[in-house]
Amino acid sequence: MTIEHGGTASLPGINSGRGSIIGLDIGGSKTRGIHWVDGKLRADAEAGSANVQNVSRAEASVNLRELFARLDAADVSRVYAGSGGVDTDDDAAALAALLAPWAPDAKITVVHDTRLLLAAGGADTGIAVIAGTGSAAWGVNEDGAQARAGGWGYLLGDEGSGYWFGREAVRHSLHRMNLDLPPDRLTSALLAKCGLQNPGELIAHFHGDTGRRYWAALSPVVFAAAAEGHRGSLAMIDRAGTDLAALAAQCAAQLTVSGPIVLGGGAGMHQLPLQQAFKTHLAAVGLTDVHVLEQDPIFGVLKLAAG
């Protein structure tokens with residue numbers, strides 16, 4: 001087994017349309033894998049998260065075993081994995097060690113998942129911004145210089161992420177409770193989704209065993225309330241757009257690039273109000289070459305592997 005961290009070295013046979021490669025997009029909520037043989041799709045499958053910032057190593061290993069079994073991985077010669085939380089060589093080596101038992105003869109390359117996103121957007125240089133369960137930005141310029149912003153995890157940041165929206169909905173509801181105000185549209189929807197009767201129950205529920213993915217999955221209640229004109233939800237979306245734009249602008253300034261800036265992740269790809277807020281705040285600082293990812297980041301694997 002050969003382990004690479006962040007490399008874009010060619011896989012023998014990929015450039016000529018030959019070879020067996022598995023790409024993995026390891027998110028906070030799920031892991032998607034695709035197996036290509038000679039550039040043609042052999043298998044496409046999903047399993048639970050293998051990101052050890054979100055699940056235990058034991059659970060991650062079980063999920064990977066299930067996924068590789070579905071991918072028909074016996075003859076794979078290369079595994080290319082993108083995951084959040086891959087910030088150092090040690091992070092990459094730890095993830096590669098989890099992958100190795102399921103592809104013992106393969107060369108394994110581990111990168112931060114923002115790299116998959118930029119490649120899936122068809123760009124070799126520019127900035128990728130993820131607004132999914134978590135959030136982060138990464139960029140690279142024509143000289144090969146790189147920059148990162150955010151991506152520190154939910155305890156230190158993840159502004160504009162699905163988890164952030166879920167948490168902010170709880171904070172909004174508890175603030176109203178402290179002011180002796182009745183539940184509004186957002187709070188009522190949140191309580192219904194959580195199966196709770198009153199806002200005070202949210203405290204124990206939030207600090208219980210619900211977990212990061214649970215609250216990220218509740219982010220749509222904010223967008224639904226915003227669509228009905230709920231002012232607090234509209235303010236949250238604008239704040240998220242501001243914070244995500246700041247991540248992108250930081251990378252752009254460090255790298256002296258103006259784009260392209262590619263927005264991905266579940267919330268980034270599927271929530272139009274967030275996309276609009278993101279673009280508006282970037283335009284305010286002169287960054288207008290902004291695109292929303294149109295295909296899942298995993299499809300950036302072949303571009304990176306053939307680089």
Side-chain angles (χ1 to χ4, degrees), residues 27-31 46-49 51 53-56 59 63 84 129-136 150-245 247 263-278 280-281:
S29 302
K30 65 181 180 181
T31 300
E46 289 185 359
S49 177
N51 186 325
Q53 290 187 345
N54 297 276
V55 300
S56 68
E59 184 177 350
N63 290 336
V129 179
I130 287 181
T133 302
S135 67
W152 304 332
Y154 72 100
L155 290 177
L156 295 173
D158 276 355
E159 300 90 339
S161 67
Y163 172 84
W164 182 89
F165 276 108
R167 187 194 66 190
E168 290 304 296
V170 173
R171 286 166 54 88
H172 168 87
S173 301
L174 294 175
H175 180 63
R176 287 184 61 86
M177 179 188 73
N178 288 161
L179 294 174
D180 291 325
L181 296 173
D184 62 3
R185 180 180 289 112
L186 176 59
T187 299
S188 297
L190 181 64
L191 292 174
K193 287 288 186 180
C194 294
L196 304 177
Q197 298 300 314
N198 62 75
E201 296 177 273
L202 285 167
I203 300 173
H205 194 55
F206 188 87
H207 291 293
D209 59 359
T210 47
R212 182 184 179 209
R213 288 175 289 170
Y214 176 90
W215 294 103
L218 289 174
S219 61
V221 300
V222 176
F223 293 96
E228 296 177 356
H230 183 259
R231 293 171 61 183
S233 297
L234 290 166
M236 289 178 205
I237 294 170
D238 186 69
R239 171 65 184 278
T242 300
D243 290 341
L244 292 169
L247 297 179
L263 177 64
M269 292 176 66
H270 302 300
Q271 296 293 353
L272 180 60
L274 181 60
Q275 297 167 12
Q276 292 171 333
F278 180 69
T280 296
H281 289 290

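- Panel note: side chain Glu201, backbone Asn198; a donor-acceptor pair is recorded below 3.5 Å.
- Remark: Leu179 engages His175, Leu181 in a side-chain contact (heavy atoms from CB on, under 4.5 Å) (not counting sequence neighbours).
- Scanning both residues, Asp158 and Gly153, for their nearest heavy atoms gives OD2-C, 3.4 Å.
- Taking every heavy atom of both residues into account, Leu244 and Ala131 meet most closely at CD1-CB, 3.8 Å.
- The side chain to side chain contact (heavy atoms under 4.5 Å, CB included) test with Tyr154 singles out one residue from Tyr163, Trp215, Trp164, and that residue is Tyr163.
- A distance of 8.0 Å separates CD in Gln271 from CZ in Phe165, rounded to the nearest 0.5 Å.
- For Thr133, the side-chain contact (heavy atoms from CB on, under 4.5 Å) partners two or more places apart in sequence, or in a different chain, are Ser29, Arg212, Ala216.
- For the pair Thr187/Met177, no side-chain contact is recorded, criterion being any heavy-atom separation below 4.5 Å from C-beta on.
- Crowding of Arg239 atom CZ: a count of heavy atoms from other residues, nucleotides or ligands under 6.0 Å not exceeding 12.
- One N or O on the side chain of Gln275 and one on the backbone of Gly268 form a donor-acceptor pair closer than 3.5 Å.
- Qualifying side-chain contact (heavy atoms from CB on, under 4.5 Å) partners for Arg231, counting only residues two or more places apart in sequence or in other chains: none.
- Residues that satisfy the side-chain hydrogen bond (donor to acceptor under 3.5 Å, both in side chains) test with His230, not counting sequence neighbours, are Asp184, Ser233.
- To the nearest 0.5 Å, atom CG of residue Leu202 and atom CZ of residue Arg171 are 13.0 Å apart.
- The side-chain hydrogen bond (donor to acceptor under 3.5 Å, both in side chains) search around His205 returns Tyr214, not counting sequence neighbours.
- Expressed to the nearest 0.5 Å, how far CE of Met269 lies from CD1 of Ile130 amounts to 11.0 Å.
- Judged purely by atom type and a 3.5 angstrom limit, Asn63 uses its side chain to pair as donor or acceptor with the backbone of Ser49.
- Taking Thr280 as the reference, nothing meets the side-chain contact (heavy atoms from CB on, under 4.5 Å) condition, with sequence neighbours excluded.
- Nearest heavy-atom pair across Gln197 and Leu191 is O-CD1, 4.0 Å.
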Go through the steps for Leu186 and Met236 under the test side chain to side chain contact (heavy atoms under 4.5 Å, CB included), then give the verdict.
-> CA-CA 12 Å; Leu186 176 59; Met236 289 178 205; 3.6 Å; yes
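- Between Ala245 and His281, the shortest heavy-atom distance links the atoms CB-CB, 3.8 Å.
- We find the OG1-CD1 distance between Thr242 and Ile237 to be 12.0 Å, quoted to the nearest 0.5 Å.
- Taking each heavy atom of Pro199 and Ser173 in turn, the nearest pair found is CB-O, 4.1 Å.
- In this structure, the separation between CG on Leu174 and CD1 on Ile203 is 5.0 Å, given to the nearest 0.5 Å.
- Counting only N and O atoms by type, the side chains of Ser161 and Ser135 include no donor and acceptor under 3.5 Å apart.
- With a 4.5 Å cut-off on side-chain heavy atoms, Val222 and Glu168 do not count as touching.
- Heavy atoms only, all atoms of each residue included: Ser188 and Pro183 are closest at OG-CB, 3.8 Å.
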